Amino acid sequence: MDNAATTWTHPEVLKVMLPYFTENFGNPSSIHLFGRRVRGVVENSREEISKLIGATPREIIFTSGGSEADNLAIVGTAYANESKGKHIITSSIEHHAVLDTCKFLENRGFKVTYLSVDKYGFVDPDDVRNAIRDDTILITIMHSNNEIGTIQPIQEIGEIAKERKIYFHTDAVQSVGTLPIDVNELKVDFLSMSAHKFYGPKGVGALYVRNGVRPVPLIHGGAQERKRRAGTENVAGIVGMAKALAIAHEDMQEHTTHLVALREHLIKGIFEKIDKVRLNGHPTKRLPGNVNISFEFVEGESILISLDAMGIAASSGSACTSGSLEPSHVLKAIGLPPETAHGSIRFTLGRGNTEEDVDYLIEVLPMIIERLRAMSPLFVKDA
Amino acid sequence: MYSDKVMEHFFNPRNVGEIEDADGIGKVGNPVCGDIMQISIKVKDDKISDIKFRTFGCGAAIATSSMVTELVKGKTLEEAMAVTNKAVAEALDGLPAPKMHCSNLAADALHNAIKDYLSKKGGTDGEE
């Protein structure tokens, strides 16, 4: 139940990718038959993806994934517009691909405002409006949060950005393929996506870039992607990404209904069986498969190891799993005290999960928490 | 990422709990880094006759706590004071590098418990 980390490659996706490793191995930039044969499929894939997010094919730049897309949008916009200003607005709960990129720019003379969020993890559009300065060149706010699943009011922020003529980027890595996305409705200039979050392959993603917007390229070399991103195209990956997104959209409504039902079943089960728990994020304005729960008095990694021994994969907001000493910046930003943040687990449901899986989790989880609480000095003190 | 020994101690921890009429109690860690260990001891004839722990923390934190109680039960105070965090990690066949600092504090908790005992016993000459 860690589908937000990654998903497997859908068998149909793999099937359409395979020929591009073997008989159709050509380089799309080549003039000869082998090249021309694959140039067409890259462009068809671009068209397919663009249609599904309400864009035009020219507005899609293929990248190596979500992180590169975020970097290109942010660094590319910063360096393309530094003569106009050096101020960027973002939120305190962004993915590190955005946060660390903003910090990188901060160390190089740019100014960054990190907006705080409320207890559900929402960015207030009024805060965005109030943070805008004469030298603001970019606003970057994620579409939905990878840890707590909160879906941001992107359209409202997009309207503000448009009205003030400031570029607007959204990291939609957790949303594309899960939620309907229309770049014009959202009024974004940039939107990042990653194939392996929606049953496509790893190592491929894309950045939507609104017509007429020119970020400075990060990767220099050949003329691929209309000189906006050099490097021979990941043909198989691009084909796979388009197929995966098409499949995701075929049954999106049905799949969402299924995930929401499982999600609600899981939340209800945990609250019925275990006391001293809290749901992180908003009860309804959250990703359909995301459940993030804090278990008081116990630490997340201990829960994960115990779950793993029972055959359940999940992830945690604990420092122990990230290699740093501090717990998750997202849980901190929504106001959780450190010991509560350390005891937070993210379950992300996906296509492979059934009601039986959720029932099994609800069955084993109380024993795990009880065992760890019995060992915890915090539990003794507060019980 | 953890050795079999760590996992074994994590799933079957020794000496969990708190001694009610403990002779010494030691505590280390803080909630920010996510590890809090508490060790209580009973001392008889300068030896650790009983020892129990409670730990809030990751797998390494729980396993090191369990291991340190096993290592020193029945040992003299002097022998127990000589047990280092490193020795605890070695007894567990090692810990992953990031865990060596943040979660390997069980011997410190033990030493604090012994100091607590000594200060209570010796009146005011121990450290507070």
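Fair warning: this is a prediction, and the values are worked out from it, not measured in the lab. Sequence lines set the chain letters: A, B, ... in the order given, protein chains first and strands last, and positions in each chain run from 1.
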Can you establish whether the number of heavy atoms outside [X] located under 6.0 Å from its atom [atom1] is more than 12?
| X | atom1 | result |
| --- | --- | --- |
| K73(B) | NZ | yes |
| N12(B) | CG | yes |
| E370(A) | CD | no |
| K202(A) | NZ | yes |
| K103(A) | NZ | yes |
| K42(B) | NZ | yes |

Indicate yes or no for a side-chain donor-acceptor contact from R54(B) to the backbone of F379(A) under 3.5 Å, with no hydrogens or angles considered. no

Kindly say whether F56(B) contributes a backbone atom to a donor-acceptor pair with the side chain of S376(A) at under 3.5 angstrom?
no

Okay, I62(B) and chain A: the region with an atom under 4.5 Å from a heavy atom over there is side chain

Honestly, the part of A97(B) sitting under 4.5 Å from a heavy atom of chain A is neither

Closest non-hydrogen contact found for C58(B) with E301(A) is CB-OE1, 3.2 Å

Looking only at heavy atoms, the pair that brings A374(A) and V16(B) closest together is O-CG1, 4.2 Å

Residues passing the ring pair (Phe, Tyr, Trp, His ring centres under 6.0 Å) test with F122(A), sequence neighbours excluded, are H282(A)

Applying a strict 4.5 Å limit to non-hydrogen atoms, the region of S306(A) in contact with chain B is both

Distance col, row M1(B):CE vs I305(A):CD1, nearest 0.5 angstrom, shows 6.0 Å

Review point. Side-chain contact, heavy-atom cut-off 4.5 Å: M375(A) with T55(B)?
Key: no

Taking the side chain as everything from C-beta on, heavy atoms only, tell me whether F10(B) gets closer than 4.5 Å to S302(A). yes

